[in-house]
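Below, chains carry the letters A, B, ... as their sequence lines are ordered, and counting in each starts from 1.
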Amino acid sequence: MEKIFARLNEEQSIAVKNTEGPVLILAGAGSGKTTTIVSRLAYLVKGVGIPASNTLTLTFTNKAAKEMRERALGMMEDVSYPPLLCTFHKFGLLFLKFNIHLMGRKNNFVVIDTDDKKRIIKKINSEIATPLIASEISRYKNSLMTPDDAYKQAELYNYQQIAKVYEEYEAYLAENNLVDFDDLIALTYKLLEDNPELAKKTSEKYQYIMVDEYQDTNELQLKLLQKLCSTHNNICVVGDDDQSIYGWRGAHIRNIMEFDQDFENTAVFKLQNNYRSREPILKVANALIEHNRSRLGKELKPTRGSGEDVVVLNSHDESEEARKIATNITKLIDSGVSAKDIAVLYRVNVLSRSIEEGLNRARINYKLVGGQRFYDRAEVKDLISYIRVITNFNDDFSFKRIINKPKRGLGKASVDKLELSAHAAEKSIFEFIKSSSVAELEALVRKKNAKTLKQFIKDIQSVAKVAEESTYNFIDVLEDTFSLKDIYKSQPDEQERILNMDEFYALFRDFIKNNPESGLDEFLNELTLQSEQDQVEGESIYMMSIHASKGLEFDHIFIIGMEEGFLPLVGDGSDLEEERRLGYVSFTRAKEKLTLSHVSSRFYKGRRSDLEKSRFFNEAGLCQGSLKLEKNTAFKKGDLVRHKIFGTGRVLGVSKAGKEFKLNINFAGTKKDILASFIERL
DNA sequence: GGCATAAGGATTTTT
DNA sequence: TCCTTATGCC
């Protein structure tokens with residue numbers, strides 16, 4: 001018990017002890033959010049005496065769940081039964097496993113990922129952009145809209161089409177007993193909604209509910225939470241409205257803004273002591289985020305004392321920027337800073353390229369975080385498809401992926417014919433080939449391929465038998481039977497692909513070793529929900545998008561591309577306040593020193609364009625004429641200056657304009673008033 | 001069916 | 001620029 005509170009400050013302790021009823025913990029960046037939520041869980045179990053199995057703690061990522069589980073178990077020492085601490089989706093998966101039969105479906109369903117989803121959509125409709133349909137379907141599901149509802153709501157012809165695709169997509173999933181990511185939550189909610197007894201029982205089981213990163217929840221997740229705590233209202237959410245950066249993905253910032261309206265008698269706690277960053281960094285971050293209108297209002301209070309000022313790098317173009325950053329990093333490393341304590345962040349991934357070149361030239365090792373995920377790699381997905389077919393012969397979707405891998409002389413045309421005939425016979429493709437004679441198949445595909453197909457079916461059946469008898473050995477038999485490593489034979493990236501396949505095989509063996517009772521379908525569903533855990537280790541600096549950096553911290557942070565158009569990024573659907581929060585998230589990753597870089601010109605999308613420095617410099621108080629320069633004005637009468645459009649001129653006078661300075665300048669006889677931040681001194 | 005070339009598009013990303 | 005997709009030819 002003392003152990004739990006020893007590491008908490010007063011605010012954190014109060015929040016931890018407030019166990020009953022709805023609690024909103026607004027935790028600023030670096031304020032000990034994870035420590036607080038984990039301590040609260042430990043306190044519930046060890047201090048209040050709640051059985052761990054009666055608690056439920058939800059996160060968004062497996063990584064967060066894993067970290068919290070380890071820390072919580074460490075604090076709780078001996079518990080006979082561990083608390084349920086998992087992602088929203090994992091919770092949905094578990095719940096559906098036990099209850100999906102109530103809606104007339106079998107519980108051996110397979111979870112499909114976004115890629116699978118898009119393939120299915122594309123097959124149904126290739127006229128409308130697949131990503132648009134995919135996101136619309138996601139939206140429908142998250143608003144609990146049936147295809148019928150979607151159709152009724154559709155005004156434009158295009159949207160009627162999308163509603164139609166949605167309907168067919170749902171039929172396809174049901175037919176093949178598939179479930180997509182949204183279903184894991186939506187079907188869970190539906191079951192609770194349609195079965196009041198079940199809802200009551202479930203709510204009574206999870207007496208105490210906690211949610212991490214609450215600012216990232218969407219509307220449906222809120223509704224699910226309301227169902228889950230309907231019998232007790234013991235819900236504690238932790239989050240930071242200023243770090244809501246997933247609005248574009250459906251996260252609903254209003255959930256955290258209006259938590260007290262969704263749950264009556266909410267107790268609110270603010271954690272504002274920042275244990276991460278030096279004072280100058282927090283000053284800049286606070287100044288920036290203060291420009292947002294829609295926020296609950298917090299201010300990060302420094303506890304780590306003063307430190308180095310925030311540095312602004314100004315370069316002509318991206319190669320100069322890369323050079324400057326490489327030089328700065330080299331200096332840091334030479335002065336004894338460990339490479340792993342340095343990170344370069346950017347708003348869009350393409351910006352990493354120029355920096356990569358600069359780092360390579362300077363011989364600095366770097367690690368790119370993000371990029372393509374292991375489970376999204378084609379070779380890994382091929383293997384997964386094989387296992388899926390072996391688990392379920394009727395999974396046409398996966399069957400089609402592997403039917404010509406390695407090459408069996410079946411192209412799109414042949415596969416289409418097979419599928420059509422199978423459909424007409426009301427069979428899966430697998431069943432169709434199995435039940436057809438060689439002669440019948442010869443009518444559909446090239447002659448020599450008919451036999452190959454029959455053999456393929458036999459092989460699948462025999463490997464499936466092995467899987468039942470000895471799951472552990474199955475993976476070797478799979479490779480040997482189908483020569484899967486030949487799929488990418490004599491391709492330039494063959495070696496890398498084989499390495500990934502071996503990695504996958506090792507993963508499989510690990511899983512079976514750790515879960516000897518599990519079969520292939522448990523392995524598959526686990527996989528789909530698994531993301532690549534970024535290993536943060538090794539002697540290289542890190543480069544990643546600002547989104548990917550959320551939750552991480554580094555001693556030294558460099559943010560590149562601080563220009564209008566990049567940060568803030570503009571485009572349709574862009575939200576300046578969310579862009580500002582991205583700036584805030586990126587600034588607050590830094591513990592010791594923050595460096596912000598901008599260029600005047602950048603090569604992007606095949607062309608070079610001129611760029612203005614980000615307005616965020618101004619807002620963060622980092623511009624000439626800003627707070628720091630109040631005493632010693634950057635410009636004075638007589639200075640020779642330059643403006644992007646008006647060219648060179650001479651300052652005639654300096655006056656104040658809010659927090660900024662306004663200069664009266666004589667440009668070759670034309671006098672103009674211009675804000676100081678747009679002016680460059682010569 | 002598979003390869004080569006042309007055309008077009010282009011945040012952020014977890015589950 | 002770089003990547004994905006469409007098209008045309010063998």
Side-chain angles (χ1 to χ4, degrees), chain A residues 58-65 86-93 111-118 122 126 129-131 134-135 138 141-142 179-186 188 212-213 216-218 220-221 244-251 318 345-354 357 369-373 375-376 378 404 407-417 445-446 448-449 491 525-534 544-551 561 565-575 578-579 581-583 585-586 602-609:
Chain A
L58 296 169
T59 66
F60 278 88
T61 66
N62 290 305
K63 197 175 157 195
C86 61
T87 63
F88 269 95
H89 292 85
K90 179 72 188 277
F91 175 76
L93 174 69
V111 183
I112 58 165
D113 66 17
T114 324
D115 214 54
D116 300 332
K117 177 178 172 183
K118 286 184 181 159
K122 184 145 199 186
S126 54
T130 309
S135 73
S138 201
K141 290 197 177 186
N142 280 297
V179 157
D180 67 18
F181 285 136
D182 297 318
D183 285 335
L184 289 173
I185 319 262
T188 295
D212 187 29
E213 304 277 17
D216 291 339
T217 52
N218 64 26
L220 180 59
Q221 283 157 339
S244 166
I245 55 174
Y246 286 105
W248 53 276
R249 211 171 63 189
E318 69 275 6
L345 310 181
Y346 32 80
R347 175 68 232 266
V348 286
N349 281 310
V350 281
L351 294 190
S352 73
R353 182 150 283 123
S354 55
E357 284 165 16
V369 179
Q372 214 198 8
R373 293 163 60 221
Y375 296 106
D376 287 340
N404 200 32
K407 298 217 153 56
R408 297 186 182 87
L410 281 293
K412 192 178 178 300
S414 307
V415 176
D416 280 353
K417 276 190 223 161
V445 300
R446 293 180 181 189
K448 62 166 186 171
N449 293 332
Q491 292 208 3
N525 281 339
E526 200 61 35
L527 270 195
T528 311
L529 293 187
Q530 205 69 226
S531 75
E532 192 178 9
Q533 313 266 338
D534 295 316
M544 68 192 90
S545 69
I546 296 173
H547 283 90
S549 76
K550 196 174 130 204
F566 283 98
L567 188 62
L569 189 70
V570 285
D572 49 62
S574 63
D575 171 355
E578 185 149 315
E579 297 298 315
R581 292 192 289 269
L582 276 158
V585 166
S586 63
R602 198 180 277 287
F603 197 76
Y604 182 64
K605 287 189 186 174
R607 47 190 291 207
R608 179 159 292 286
S609 26

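Picking from B:dT12, B:dT15, C:dC3 the nucleotide with the shortest atom distance to the side chain of A:W248 gives B:dT12. Among the nucleotides B:dT14, C:dT1, B:dT13, the one closest to the side chain of A:H547 is B:dT13. For A:R353, whose side chain is taken as the heavy atoms from C-beta onward, the closest listed nucleotide among B:dT12, B:dT14, C:dC3 is C:dC3. With distances taken from any side-chain atom of A:K122 to the nucleotides B:dA10, C:dA6, C:dT1, the minimum falls on C:dA6. Nearest nucleotide to the A:K605 side chain, out of B:dT13, B:dT14, B:dA10: B:dA10. Ranking B:dT13, C:dT1, B:dT15 by closeness to the A:A548 side chain, first place goes to B:dT13.
A salt bridge links A:K90 with A:E526: the closest approach of a Lys/Arg side-chain nitrogen to an acidic carboxylate oxygen falls below 4.0 angstrom.
One finds no side-chain N or O of A:T87 lying less than 4.0 angstrom from the OP1 or OP2 phosphate oxygen of B:dT14. The phosphate of B:dT15 has OP1 or OP2 within less than 4.0 Å of a side-chain N or O from A:N62. Using a 4.0 Å cut-off, some side-chain N or O of A:N349 falls inside it from OP1 or OP2 of B:dT12.
Using cut-offs of 30° and 60° on the angle between ring planes, the pair A:F566 and A:Y604 is perpendicular. Using cut-offs of 30° and 60° on the angle between ring planes, the pair A:H89 and A:F181 is perpendicular.
Residue contacts for A:F88: at a heavy-atom cut-off of 4.0 Å it reaches no nucleic acid atom on any strand shown. When heavy atoms are screened at a 4.0 angstrom cut-off, A:N404 is found touching the sugar-phosphate backbone but no base atom. In this structure, A:S414 reaches the sugar-phosphate backbone alone: every heavy-atom distance under 4.0 Å involves primed, P, OP1 or OP2 atoms, never a base. No contact: A:R607 has no heavy atom under 4.0 Å from any strand.
In this structure, the NZ atom of A:K118 is 10 Å from the P atom of C:dT5, given to the nearest Å. Note: CZ (A:F566) to C1' (B:dA10) measures 11 Å, nearest angstrom. Look at CG on A:N218: it is 12 Å from C1' on B:dT15, rounded to the nearest Å. What separates OH of A:Y346 from C1' of B:dT13 is a distance of 14 Å, to the nearest Å. When the P atom of B:dT12 is taken as reference, atom CD of A:E579 falls 12 Å away, rounded to whole Å. Note: CG (A:D180) to C1' (B:dT14) measures 14 Å, nearest angstrom. In this structure, A:E213 atom CD and B:dT13 atom P are separated by 15 Å, rounded to whole Å. The interatomic distance linking A:E357 (CD) with C:dT1 (C1') rounds to 11 Å, in whole Å.
Toward the 5′ end of DNA chain B lies the nearest nucleotide of A:V415, the other residue of the pair A:D182 and A:V415 mapping further downstream.
For A:T114 against B:dT15, a side-chain-to-base donor-acceptor contact under 3.5 Å is present.
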(request) Carefully, step by step, assess A:V445 and A:K417 under the rule side-chain contact (heavy atoms from CB on, under 4.5 Å). (result) CA-CA 8 Å; A:V445 300; A:K417 276 190 223 161; 6.0 Å; no
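Of the candidates A:N218, A:D182, A:T114, A:D180, A:D182 is the only one forming a side-chain hydrogen bond (donor to acceptor under 3.5 Å, both in side chains) with A:S138.
Under 3.5 Å, the side chains of A:D113 and A:T528 contain no donor-acceptor pair of N or O atoms.
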